Amino acid sequence: MQKKPEGWNIVLAGFWNRMIFTPEWVGPRLFADNPEIETVVALLPVLPIIYRDGEAAAEISSSRLVFRPRNLESDAALRRTGTMAKTVLEALPETPVQGIGVNFSFIEETPAGGLLELFNFHDNQR
């Protein structure tokens, strides 16, 4: 089984005020150990603003925040994404959060029958 990097993330779904997440706010809270972070600003307002360094990335949009480790082999990067999500939840407790997701994604070229059976849900008629 291989890890699928784009599928590993923590998502905070809710109603987020993107105007709070300026470089001055994000820097000391989410990237305190790194004074230089990269900021990717989308041309369209519906696309997320992305802050990232070598370990982790934070994608900010009005409907969700996504925290991604940039190196799945680094325990520090994996822990950091959890710390970033926790920091935002503690700093902005009044924000209406609809759900929290911790996601992992893998690719299996030749899955065994027992593994496939795990995805056969009994309430699914097929």
Side-chain angles (χ1 to χ4, degrees):
M1 210 175 312
Q2 299 172 336
K3 297 174 185 172
K4 190 175 175 185
E6 62 274 10
W8 287 59
N9 57 52
I10 297 173
V11 179
L12 305 179
F15 299 95
W16 299 97
N17 181 352
R18 284 177 34 146
M19 305 319 294
I20 291 173
F21 296 92
T22 64
E24 294 79 19
W25 192 92
V26 169
R29 287 173 179 82
L30 304 183
F31 298 92
D33 56 340
N34 189 354
E36 292 191 24
I37 58 172
E38 182 180 2
T39 304
V40 180
V41 179
L43 296 176
L44 298 174
V46 295
L47 297 174
I49 299 169
I50 301 171
Y51 297 100
R52 62 187 178 197
D53 65 7
E55 277 191 342
E59 300 176 10
I60 314 299
S61 64
S62 58
S63 61
R64 67 184 184 164
L65 306 181
V66 181
F67 302 97
R68 298 181 191 278
R70 298 194 69 197
N71 179 2
L72 297 181
E73 303 307 317
S74 166
D75 288 341
L78 294 170
R79 279 192 302 274
R80 180 119 168 265
T81 56
T83 301
M84 292 168 85
K86 179 182 178 227
T87 299
V88 169
L89 289 171
E90 289 175 346
L92 302 170
E94 290 84 15
T95 299
V97 176
Q98 292 179 318
I100 299 173
V102 179
N103 303 297
F104 306 96
S105 183
F106 295 92
I107 298 172
E108 179 61 57
E109 297 294 331
T110 54
L115 181 61
L116 290 175
E117 187 62 31
L118 292 173
F119 296 97
N120 185 13
F121 302 110
H122 298 289
D123 61 346
N124 186 355
Q125 295 211 359
R126 303 213 282 162

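These numbers come from a predicted model, not from an experiment. Throughout, numbering of the chain's residues begins at 1 and tracks the sequence.
- Listed here is the closest heavy atom pair of Ser74 and Glu55: OG-OE2, 4.4 Å.
- There is no path of hydrophobic side-chain contacts, each under 4.5 Å, that joins Ile50 to Val26.
- Judged by distance alone, the side chain of Arg70 and the main-chain N or O of Asp53 form a donor-acceptor pair under 3.5 Å.
- Shown here for Thr81 and Pro69, the closest heavy-atom pair between the two residues is CG2-N, 3.2 Å.
- Distance check, rounded to the nearest 0.5 Å: CZ of Arg68 to CG of Leu78 gives 13.5 Å.
- The hydrophobic cluster containing Ile49 also contains Trp16, counting ILVMFWY residues as joined when their side-chain heavy atoms lie under 4.5 angstrom apart, directly or transitively.
- Side-chain contact between Arg80 and Phe31: present, with at least one pair of heavy atoms (C-beta onward) separated by less than 4.5 Å.
- Side-chain contact between Phe67 and Leu30: present, with at least one pair of heavy atoms (C-beta onward) separated by less than 4.5 Å.
- Under the 4.5 Å side-chain heavy-atom criterion for grouping Ile, Leu, Val, Met, Phe, Trp and Tyr, Ile60 is connected to Val88 within one hydrophobic cluster.
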Which atom pairs, one a donor and one an acceptor, fall under 3.5 Å between side chains of residues 100-116 and the rest of the protein, sequence neighbours left out?
from, atom 1, to, atom 2, distance (Å)
Asn103, ND2, Asn9, OD1, 2.7
Glu108, OE1, Met1, N, 3.2

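- Closest heavy-atom contact between Gly27 and Ile37: CA-CD1, 4.3 Å.
- Every side chain to side chain contact (heavy atoms under 4.5 Å, CB included) that Thr83 has, sequence neighbours left out, goes to Thr87.
- Each of Val11 and Trp8 belongs to its own hydrophobic cluster when Ile, Leu, Val, Met, Phe, Trp and Tyr are linked at side-chain heavy-atom distances under 4.5 angstrom.
- Closest approach of Trp25 and Ile20 over heavy atoms only: CB-O, 3.2 Å.
- Taking a 6.0 Å sphere around NZ of Lys86, one finds it holds 12 or fewer heavy atoms contributed by other residues, nucleotides or ligands.
- At least one donor-acceptor pair closer than 3.5 Å links the side chain of Tyr51 to the backbone N or O of Phe21.
- Checked against side chain to side chain contact (heavy atoms under 4.5 Å, CB included), Ser61 has the following partners two or more places apart in sequence or in another chain: Pro48, Ser63, Arg64.
- Legend: side-chain hydrogen bond (donor to acceptor under 3.5 Å, both in side chains) pairs involving residues 37-48, not counting sequence neighbours, sorted by first then second residue: Glu38-Arg52.
- Between Gln98 and Phe15, the closest side-chain pair of non-hydrogen atoms falls below 4.5 Å.
- In this structure, Ala85 and Ile10 approach most closely via the heavy-atom pair CB-CG2, 3.9 Å.
- The heavy-atom pair separating Ala56 from Met84 by the smallest distance is CB-SD, 3.7 Å.
- For the side-chain hydrogen bond (donor to acceptor under 3.5 Å, both in side chains) test, residues two or more places apart in sequence or in another chain that qualify with Thr22 are Glu24.
- The list of ring-ring contact (aromatic ring centres under 6.0 Å, His included) pairs with a residue in residues 68-91, not counting sequence neighbours, is empty.
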